[in-house]
Amino acid sequence: METPQYVAARIQRALAEDERTNELGIRVDVRGDQVFLRGQVSCEERRHGIEDVAREAAPGLTVHNEVQLLEVSDPGEEEHL
Amino acid sequence: MRALRIAAVADIHLGEDIRGHYRKKLEGIEHRAEVLLVGGDLTRHGTIEEGQVVADELGDLPIPVVAVLGNHDYHSDADREIAAMLRDAGIIVLDDDAVVIPLDGTRLGVAGGKGFGGGFAGKCASEFGEPETKAFVRHTKEIAERWRHALKNLDADHRVVLSHYSPVKDTLAGEPPEIYPFLGSYLLAEAADAEGADLIVHGHAHLGTEKGMTPGGIRVRNVALPVIGHSYVVYCLDGEGVH
Ligand SMILES: [Fe+2]
Ligand SMILES: [Fe+2]
């Protein structure tokens, strides 16, 4: 079996370089044949795109998409500087 | 001199798939702030199409908008076109230069641009060795030099530096330390400290922390959307400007 560190690195590269994602802020952890994806994105479509690209980069492994949707709330209190 | 309320955000990473969403969040911004600063990574892939989405979402706001591009906005080699589209939409785009915006009797000066990496004092790359390494470091050096020049000639009541990359480590806390050299450079802070500014606003470090300070005591704020968790934050600069 391929070393998990290299698998994680390959998935991370794919997420950054693949035109469907270009996501630099996704954390990738590989444990045995399980891949865990974590981070935040702006919409469901991007969440799925990340999963697709990760699956293609790691055929045969089980991908757990734990990426969350970024909640953006209204502006809060202003800060005085 | 009166106080000034400045709204700021970065890393909005707009695209056709979320068109219209961010614009909605800007409704009523004119009641909260007098200007909006946007610190780069306006798009995901840096395409013309995404640039158009940004122009539509940030254009025609009731308050002036000042933006810089981020690394994502360079990805498709269309950075110049995107900047031109934004300018056509009435957005001020800084590219290692400065602008003075008169706001009801007070002049706000904003200087900056994309910035670049290299790392932080004691743990940074230097202009030595292979041409690739030298080119990397030289790019940041030249940017910092242009910012210094822009700030030196900036005559305004309040002075803010707008960047994509970080000038300090403080606001990177939460990012893996191994990638700090790709997230910013102390040369950017050094330029601001040499010429003086009231505030430095940046983005890029999505996992970072909002608040930090330069060695010279200038407040630094990382306003990347995932860091602030709000559609934008508002900073109120009090009457005492720095010169
Ligand atoms: Fe970003
Ligand atoms: Fe960035």
Side-chain angles (χ1 to χ4, degrees), chain A residues 3-31 35-57 64-81, chain B residues 3-9 11-19 21-22 24-29 32-33 41 43-47 71-72 75-76 158 160 175-176 179 182 198-199 204-208 210-211 218-219 221 224-238 240:
Chain A
T3 313
Q5 283 90 336
Y6 291 129
V7 180
R10 191 174 65 234
I11 298 169
Q12 200 134 36
R13 277 191 92 87
L15 291 173
E17 293 171 5
D18 194 296
E19 288 299 319
R20 289 168 292 172
T21 46
N22 284 149
E23 293 285 352
L24 277 65
I26 303 300
R27 194 173 151 176
V28 181
D29 287 301
V30 178
R31 298 282 182 274
V35 178
F36 299 87
L37 306 172
R38 270 177 283 170
Q40 289 189 310
V41 292
S42 302
C43 67
E44 203 53 50
E45 209 176 316
R46 293 185 188 180
R47 234 186 121 255
H48 288 136
I50 287 166
E51 190 175 322
D52 292 344
V53 170
R55 278 187 207 289
E56 287 170 30
H64 300 274
N65 189 356
E66 297 177 358
V67 173
Q68 293 175 316
L69 291 185
L70 175 59
E71 294 288 344
V72 177
S73 56
D74 288 337
E77 280 285 290
E78 63 189 34
E79 184 194 0
H80 284 261
L81 296 176
Chain B
L4 204 60
R5 287 176 304 153
I6 297 171
V9 68
D11 299 86
I12 51 179
H13 290 283
L14 299 182
E16 205 55 64
D17 53 353
I18 52 170
R19 181 185 267 281
H21 284 82
Y22 192 67
K24 257 185 248 147
K25 304 216 170 264
L26 295 175
E27 257 167 42
I29 190 170
R32 298 176 187 268
D41 274 2
T43 67
R44 274 172 102 197
H45 317 288
T47 61
N71 53 320
H72 281 250
H75 183 64
S76 301
H158 294 284
V160 176
E175 294 280 0
I179 66 168
F182 299 102
D198 303 300
L199 169 69
H204 191 46
H206 292 205
L207 302 176
E210 184 189 354
K211 296 175 186 182
I218 301 172
R219 253 76 65 88
R221 295 292 179 265
L225 201 56
V227 170
I228 59 175
H230 293 284
S231 32
Y232 51 86
V233 278
V234 179
Y235 300 117
C236 185
L237 295 183
D238 291 327
E240 311 289 310

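Just so you know, these numbers come straight off a predicted model, no measurement behind them. Reckoned from all heavy atoms, side chains included, excluding hydrogens, waters and symmetry mates. Letters go in sequence order (proteins before strands), and every chain restarts at 1.
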**Request:** Using ring-ring contact (aromatic ring centres under 6.0 Å, His included) as the criterion, list what pairs up with A:F36, not counting sequence neighbours.
**Result:** A:H64
**Prompt:** Do B:R32 and A:E78 come close enough that some side-chain heavy atom pair is under 4.5 Å?
**Reply:** no
**Residue part contacting chain A, namely of B:H45, when any heavy atom lies under 4.5 Å** = both
**Request:** Please name the pair of heavy atoms, one in A:N22 and one in B:H72, separated by the smallest distance, quoted to 0.1 Å.
**Result:** O-CE1, 3.1 Å
**Prompt:** Can you name the nearest heavy-atom pair linking A:S42 to B:I18, along with the distance?
**Reply:** CB-CD1, 4.0 Å
**Item:** Student check: side-chain heavy atoms of A:Q40 and B:H206 closer than 4.5 Å
**Value:** no
**Request:** Select one option (side chain, backbone, both, neither) describing which atoms of B:L199 are under 4.5 Å from chain A's heavy atoms.
**Result:** side chain
**Asked** So do A:D74 and B:H230 actually touch side chain to side chain, heavy atoms under 4.5 Å?
**Response** no
**Prompt:** When you look at CZ of B:R19, are more than 12 heavy atoms from neighbouring residues, nucleotides or ligands closer to it than 6.0 Å?
**Reply:** yes
**Asked** Just by distance, with hydrogens left out, do A:E19 and B:H75 show a side-chain donor and acceptor under 3.5 Å apart?
**Response** yes
**Message:** Please give me the minimum heavy-atom distance between B:D17 and A:E45, naming the atom from each residue.
**Reply:** CB-OE1, 3.5 Å
**Message:** Which atoms of B:K24 are under 4.5 Å from chain A, going by heavy atoms: the side chain, the backbone, both sets, or neither?
**Reply:** neither
**Prompt:** So do the side chains of B:H21 and A:V72 get within less than 4.5 Å of each other, counting heavy atoms only?
**Reply:** no
**Message:** More than 12 heavy atoms of other residues, nucleotides or ligands under 6.0 Å from CD of A:E44: yes or no?
**Reply:** yes
**Main-chain N/O of A:T21 paired with B:R44 side-chain donor or acceptor, under 3.5 Å** = yes
**Pick from B:I6, B:I29, B:L225, B:I228 with the largest number of heavy-atom pairs that fall under 4.5 Å of chain A** = B:L225
**Complete:** When every non-hydrogen atom of A:L81 is compared with those of B:D238, the smallest separation belongs to O-OD2, 3.3 Å
